[in-house]
Protein chains: 2
Amino acid sequence: MQEKEISQAVIRRMPRYYRYLGELLEDGVERISSNDLSKRMNVTASQIRQDLNNFGGFGQQGYGYNVKFLYEEIGKILGLNQKHNIIVIGAGNLGQALANYVKFEKLGFVITALFDVNPALEGVTVRGIKIHMLDELEDYCKDHVVDIAALTMPKEKADAIANRLVNLGIQAIWNFAHVDLDLIDKDVVVENVHLSDSLMQLSYNIVKNKQNK
Amino acid sequence: MQEKEISQAVIRRMPRYYRYLGELLEDGVERISSNDLSKRMNVTASQIRQDLNNFGGFGQQGYGYNVKFLYEEIGKILGLNQKHNIIVIGAGNLGQALANYVKFEKLGFVITALFDVNPALEGVTVRGIKIHMLDELEDYCKDHVVDIAALTMPKEKADAIANRLVNLGIQAIWNFAHVDLDLIDKDVVVENVHLSDSLMQLSYNIVKNKQNK
DNA sequence: TAGATTGTTAATCGATTAACAATC
DNA sequence: TAGATTGTTAATCGATTAACAATC
């Protein structure tokens with residue numbers, strides 16, 4: 001059990017810290033103070049220190065934070081020190097785009113298989129990753145370790161397939177379908193990527209921006 | 001000028017209301033109370049009423065909200081009553097996936113062109129949408145109305161191209177590159193979709209979930 | 001040691017929830 | 001009219017910022 005629940009607001013900021021620290025590391029920066037980092041990231045130094053202290057004291061008074069150490073610690077917090085196998089359900093454009101995206105592997109996320117219902121895609125490979133027929137899903141999941149399922153199929157099918165995956169013991173779903181999944185097991189971790197929602201937010205801000213001029 | 005600034009927390013929830021109201025509309029539901037909606041959406045009725053009243057009184061005491069009316073009003077708030085032309089910079093897998101995604105058009109977002117540096121893609125079309133070479137960007141933007149530019153190129157190139165777009169008068173950027181853009185004009189609206197960040201959040205919650213067991 | 005900067009407590013601010021009068 | 005439900009004010013809760021003692 002976690003000592004105290006850490007808010008999602010904090011969690012949402014962690015990958016961003018990780019990204020900035022990665023850049024600093026690449027630039028050969030050895031240490032950084034919360035103040036310097038706050039200027040780069042456009043947040044308050046106070047928030048950085050509060051956020052990090054949710055997980056432990058990673059800094060040193062009078063010195064600041066060691067970039068490499070902090071980078072690695074945040075990596076551990078985010079679970080990047082372990083490999084995650086991902087299967088992608090829906091081998092359409094988005095599914096294939098995910099499979100082609102190499103950067104995920106650097107973070108320990110490996111796409112191991114794609115699934116689709118379209119017979120034309122049977123046996124086709126994307127960057128060496130095989131597209132299976134959806135009815136092979138059960139067999140595949142029994143024979144392979146699968147940590148995450150990415151759902152890129154139409155929203156009408158999402159609930160049914162998601163619950164099929166839950167029954168197969170999947171623990172996490174990365175949901176690109178434009179619905180809020182209704183799962184039989186509430187313990188399954190779900191992360192939504194709703195592109196249309198994102199576009200609507202953008203659109204709202206465009207309208208607002210025009211009004212302000 | 002807007003009366004009072006509406007928080008991004010509220011804005012983030014609006015597309016979700018829109019989605020649920022759309023579903024109700026499809027199901028032929030005529031009216032709904034904040035209480036019934038709150039149960040479906042797993043939020044408090046109070047929050048729904050507060051959120052909506054940022055924009056106006058759309059309901060009626062003793063009756064609730066008219067689904068069709070509210071759906072359309074939220075659509076207007078989100079700017080979905082006007083057409084938005086999108087160009088996509090980077091015609092790789094993700095760029096092509098966006099171009100292929102038909103649902104955006106129902107919301108008024110039309111992808112009109114793709115751009116890439118790869119000569120092999122010159123003249124290729126995706127769902128009838130032409131891929132242009134990147135050096136045609138200036139000419140294209142002068143001859144066509146472009147409301148939004150979606151950036152799907154590698155992060156190293158993102159800042160340079162984003163600022164090229166800003167100089168061409170683009171007002172909004174939908175950024176899929178894994179960086180925070182550093183723009184010369186801070187008035188440009190930016191909406192980030194950081195897929196790696198999303199994956200890291202998912203990964204954090206997987207780790208947490210395991211610990212809690 | 002003196003200076004710098006953290007970790008942490010306290011103060012402030014904002015967002016969410018509760019309550020209820022207004023009113024359909 | 002009586003019942004239902006909004007719009008809105010007040011209360012609570014949580015997140016952010018400020019301040020500063022601890023300490024490297």
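Note on naming: letters A, B, ... go to the chains in the order of the sequence lines (proteins, then strands), and numbering restarts at 1 for each one.
Closest approach of B/Lys210 and A/Gln171 over heavy atoms only: CE-OE1, 3.3 Å. Taking each heavy atom of B/Ile87 and B/Cys141 in turn, the nearest pair found is CD1-SG, 4.3 Å.
If you take CZ of A/Phe58 and P of C/dT8, they are 12 Å apart, rounded to a whole angstrom. Residue A/Gln8 contributes atom CD, which lies 18 Å from atom P of C/dA15 at whole-angstrom precision. The OH atom of B/Tyr65 sits 18 Å away from the P atom of D/dA4 (whole-angstrom rounding). At whole-Å resolution of the value, CD1 in A/Ile48 and P in C/dT6 are 9 Å apart. Counting to the nearest Å, the P atom of C/dA15 and the CD atom of B/Glu5 are 10 Å from each other. When the P atom of D/dA15 is taken as reference, atom CD1 of A/Ile11 falls 11 Å away, rounded to whole Å. Following rounding to the nearest Å, A/Ile6 (CD1) and D/dG14 (P) show an atom-to-atom distance of 15 Å. C/dT6 atom C1' lies 16 Å from atom CD of A/Glu73, rounded to whole Å.
Using Watson-Crick or G-U wobble geometry with both donor-acceptor distances under 3.5 Å, D/dG14 finds its partner in C/dC13. Pairing partner, D/dA22: C/dT5, with both Watson-Crick or wobble hydrogen-bond distances short of 3.5 Å.
Heavy-atom nearest nucleotides on DNA chain D were determined for B/Gly64 and for A/Ser7, and the one closer to the 5' end corresponds to B/Gly64.
Taking CG from A/Leu107 and CG from B/Leu199, the interatomic distance works out to 7.5 Å, rounded to the nearest 0.5 Å.
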(request) Sugar-phosphate atoms are those with a prime plus P, OP1 and OP2; base atoms are the rest. Using that split, label each nucleotide of nucleotides 19-24 of chain C B, S or - for protein heavy atoms under 4.0 Å, 5' to 3'. (result) BB-BBB
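No more than 12 heavy atoms of other residues, nucleotides or ligands lie within 6.0 Å of CZ in B/Arg40, so this atom counts as exposed by the packing criterion.
When the options A/Lys157, A/Arg164, A/Met153 are evaluated for a side-chain contact (heavy atoms from CB on, under 4.5 Å) with A/Leu134, the one that passes is A/Arg164. A side-chain contact (heavy atoms from CB on, under 4.5 Å) with B/Phe109 is found for one member of B/Ile86, B/Leu98, B/Asp147 and no other, namely B/Ile86.
For D/dT9, its base sits under 3.5 Å from the side chain of B/Gln50 at one donor and acceptor pair at least.
At the phosphate of C/dT16, OP1 or OP2 sits under 4.0 Å from a side-chain N or O atom of B/Arg13.
Annotation: proximity of residues 15-39 of chain A to DNA chain D (heavy atom, distance under 4.0 Å) is found for no residue.
Note: B/His144 and B/Tyr140 have parallel aromatic rings, judged against thresholds of 30 and 60 degrees for the angle between ring planes.
Ring centers of B/Tyr17 and B/Tyr20: at least 6.0 Å apart, outside the cut-off.
Side-chain proximity of A/Asn53 to C/dG7, D/dT17, C/dT16: nearest is C/dG7.
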(message) Please determine whether salt bridge (Lys or Arg N to Asp or Glu O under 4.0 Å) holds for the pair A/Asp197 and B/Arg12, giving the CA-CA distance in whole Å, both sets of side-chain angles, and the decisive distance to 0.1 Å.
(response) CA-CA 8 Å; A/Asp197 286 16; B/Arg12 258 199 305 277; over 6 Å; no
